[in-house]
Number of protein chains: 2
Amino acid sequence: MSSLKERTALKAQTTERVRDVAAMLEEEIVLGWLLPRERLVEEELAERLAVKRHVVREALADLERVGLVERIPNRGAVVKLLDPVEVRQIYSVREALETLAAQQIPLPLSGLILEELHAVQQQHAVAVECADARAAFRANMRFHETLFRACGNRHLVELIQAMAQKVHGARSITAASPEHLRLARDQHAAMVEALANGDRDRLVALCRQHLGPSRDAYIATVEARFARDRQQVAAPQP
Amino acid sequence: MSSLKERTALKAQTTERVRDVAAMLEEEIVLGWLLPRERLVEEELAERLAVKRHVVREALADLERVGLVERIPNRGAVVKLLDPVEVRQIYSVREALETLAAQQIPLPLSGLILEELHAVQQQHAVAVECADARAAFRANMRFHETLFRACGNRHLVELIQAMAQKVHGARSITAASPEHLRLARDQHAAMVEALANGDRDRLVALCRQHLGPSRDAYIATVEARFARDRQQVAAPQP
DNA sequence: TTCGACATAATTGTTGACAATCCTGGCGTC
DNA sequence: GACGCCAGGATTGTCAACAATTATGTCGAA
């Protein structure tokens, strides 16, 4: 009885399930459903996501390698809270990498890719209109993946994605904010336009501008939080 | 009975053992002790390295994430054979990253770092003189780590290291070659000199030159191997 | 009250056995 | 001889129980 279907749909490959769990946790972090410093208890997650603890363990190890999660031996995992210095460094590298990729995109861009990009951009716009943060996040990821893939260097794209992942924990501030989402939507549209016009300078400038808001919003929030933590240490709650 | 010592020396933290195993395998790959396409059987490695299969499994997952190893579900892991296109792409990114870092190193360099760098360079030179490939490899890693750390951006350094790791499977050709080792040694010396003189342009140029030989040697070898493989497929052995 | 020792609970880390999967080679059929 | 098919062996993937570690809470003494 539908053994094939169940195989591929429910069980899949083990490594697939690990990736799925990691992806789910990543989304929950980006959407602010899991906050920085929050504990990630293996059994709890295993039950909630309907997988064995073993799978959760591997997924957490993955997320640790990516930099989204911090694991302390014998104490478990927490969502990593990046300090402002790190965030600045990461964004500085992101800017360099994305600029590099943008400069390597062959212009004029092939009509095929341009259309694909336009389609993804539309999906993002729709998601923003519906205030569907999850759909917006996914479409946003696809947009940048499609955009930078056009540079032709797969490893460069992977690096760009890896660095973007690292600051996902920082995105929960902007990922749900309507203003930020609308701004991102408009910037995407402008990027597509620049690509259509073969205007490389504008494209590069847009990529750079595109990084600013989420970085600044996060740094502001985190600095406030760090200040509060310091205050708490100095004078524990009343 | 020395429980502390045994704890820290023999057992260590589990995550430490995983890292150790991954590092050992990495070295064996770089030194050509494990060749591309060679199978990595979990039980075999577990016995050889005197750890449980579980630890080997995690280490292999790590190496897969790094890109040194390829894992196919239910079939196991092999050391990855990079194709020429990938190698070119990776080296292109490496060049960009290392150039970026070199341009950000504050000049004149602090005397402390310069001395540290000089010391490591000397270690490398000694290892090359002794034709001790393993020591040379380690000193080489330390040299570049020390050099690029001076740029002040930890995440940029991590990226540079990650990209260097990716092509470690390609290094077995040059890692044991006396000529290549001597060339690398001289280039290191020149880099230190450029840093001492505050000559940034020369430093950047040297970094770029430094990448060339290993890339070219690998591409030549791999293209020969691919050609041979293709031939074998066309006409299986007599 | 505050401090430390101790028991207890919560959680992670380890292990070996078992199940699932994939490659290999032999066998029969066309 | 070529092809498909079915054991057999090698290897990876899954699991649940157990061990080890760390956090928590309680109690008694200063």
Side-chain angles (χ1 to χ4, degrees), chain A residues 1-22 25 34 37-65 68-80 233 235-238, chain B residues 1-22 25 34 37-65 69-80 232-233 236-237:
Chain A
M1 69 291 265
S2 76
S3 71
L4 183 81
K5 210 167 181 179
E6 282 184 1
R7 272 289 175 56
T8 53
L10 292 181
K11 284 229 148 181
Q13 296 283 8
T14 171
T15 178
E16 295 287 332
R17 274 188 292 170
V18 171
R19 288 200 182 286
D20 282 354
V21 169
L25 291 175
L34 292 172
R37 293 268 172 89
E38 187 162 347
R39 285 193 67 187
L40 301 171
V41 179
E42 295 178 357
E43 255 175 324
E44 186 187 306
L45 293 174
E47 194 183 10
R48 185 154 67 82
L49 303 176
V51 295
K52 299 296 170 187
R53 188 158 73 95
H54 185 254
V55 176
V56 173
R57 250 179 111 64
E58 273 190 62
L60 287 175
D62 270 11
L63 293 177
E64 185 190 27
R65 283 190 275 265
L68 265 180
V69 151
E70 208 170 355
R71 276 176 83 175
I72 306 168
N74 291 319
R75 303 232 279 127
V78 297
V79 179
K80 183 162 182 181
V233 171
Q237 60 226 36
Chain B
M1 70 297 256
S2 75
S3 70
L4 184 82
K5 212 165 181 180
E6 283 184 358
R7 273 289 175 54
T8 54
L10 293 181
K11 284 231 147 178
Q13 296 284 5
T14 172
T15 176
E16 296 285 332
R17 274 186 292 170
V18 172
R19 289 198 183 288
D20 283 353
V21 169
L25 292 175
L34 291 172
R37 291 269 172 90
E38 187 163 346
R39 285 193 65 187
L40 300 171
V41 179
E42 294 179 358
E43 255 176 323
E44 185 187 305
L45 293 174
E47 195 182 8
R48 184 154 68 82
L49 303 176
V51 295
K52 298 294 171 189
R53 188 157 73 95
H54 184 252
V55 176
V56 174
R57 248 178 113 63
E58 273 190 61
L60 288 175
D62 270 11
L63 293 178
E64 183 190 27
R65 178 149 240 315
V69 151
E70 209 170 355
R71 266 164 65 122
I72 306 167
N74 292 321
R75 303 234 279 126
V78 297
V79 2
K80 183 163 181 179
Q232 277 188 0
V233 171
Q237 61 229 33

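Protein chains get the first letters and strands the later ones, always in sequence-line order, with residue 1 at the start of each. Below, each value reflects all heavy atoms present in this structure, side chains not excepted, and no hydrogens, waters or symmetry copies.
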Measure from [atom1] on [X] to [atom2] on [N] and round the result to the nearest Å.
| X | N | atom1 | atom2 | value |
| --- | --- | --- | --- | --- |
| A:Glu47 | C:dA10 | CD | P | 14 Å |
| A:His54 | C:dC18 | NE2 | P | 18 Å |
| B:Glu42 | D:dT14 | CD | P | 11 Å |
| A:Glu44 | C:dA10 | CD | P | 13 Å |
| B:Asn74 | C:dT24 | CG | P | 15 Å |
| B:Glu64 | D:dT12 | CD | P | 13 Å |

Inset, instruction - Kindly point out which of D:dT12, C:dT15, D:dA16 is positioned nearest to the side chain of A:Lys52? - result: D:dA16
Taking only side-chain N and O atoms of [X], does any of them lie within less than 4.0 angstrom of OP1 or OP2 on [N]?
| X | N | value |
| --- | --- | --- |
| B:Arg57 | D:dG13 | yes |
| B:Arg53 | C:dT14 | no |
| A:Arg75 | D:dA23 | yes |
| B:Arg17 | C:dG13 | no |
| A:Arg71 | C:dG13 | yes |

Inset, instruction - Determine the contact category for A:Leu40: base if any of its heavy atoms lies under 4.0 Å from a base atom, sugar-phosphate if only primed atoms, P, OP1 or OP2 are that close, otherwise nothing. - result: sugar-phosphate
Legend entry - By side chain to side chain donor-acceptor pair (under 3.5 Å) - contacts of A:Arg53 (at least two apart):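 For A:Arg53 the side chain to side chain donor-acceptor pair (under 3.5 Å) partners, ignoring immediate neighbours, are A:Glu42.
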Inset, instruction - Would you give the length of the straight line joining atom CZ of A:Arg48 to atom CG of A:Leu25, rounded to the nearest 0.5 angstrom? - result: 7.0 Å
Legend entry - Non-hydrogen side-chain atoms of A:Val78 and A:Arg37 separated by less than 4.5 Å: no
Legend entry - By side-chain contact (heavy atoms from CB on, under 4.5 Å) - contacts of A:Ala77 (at least two apart): A:Leu40, A:Leu60, A:Val69, A:Arg71
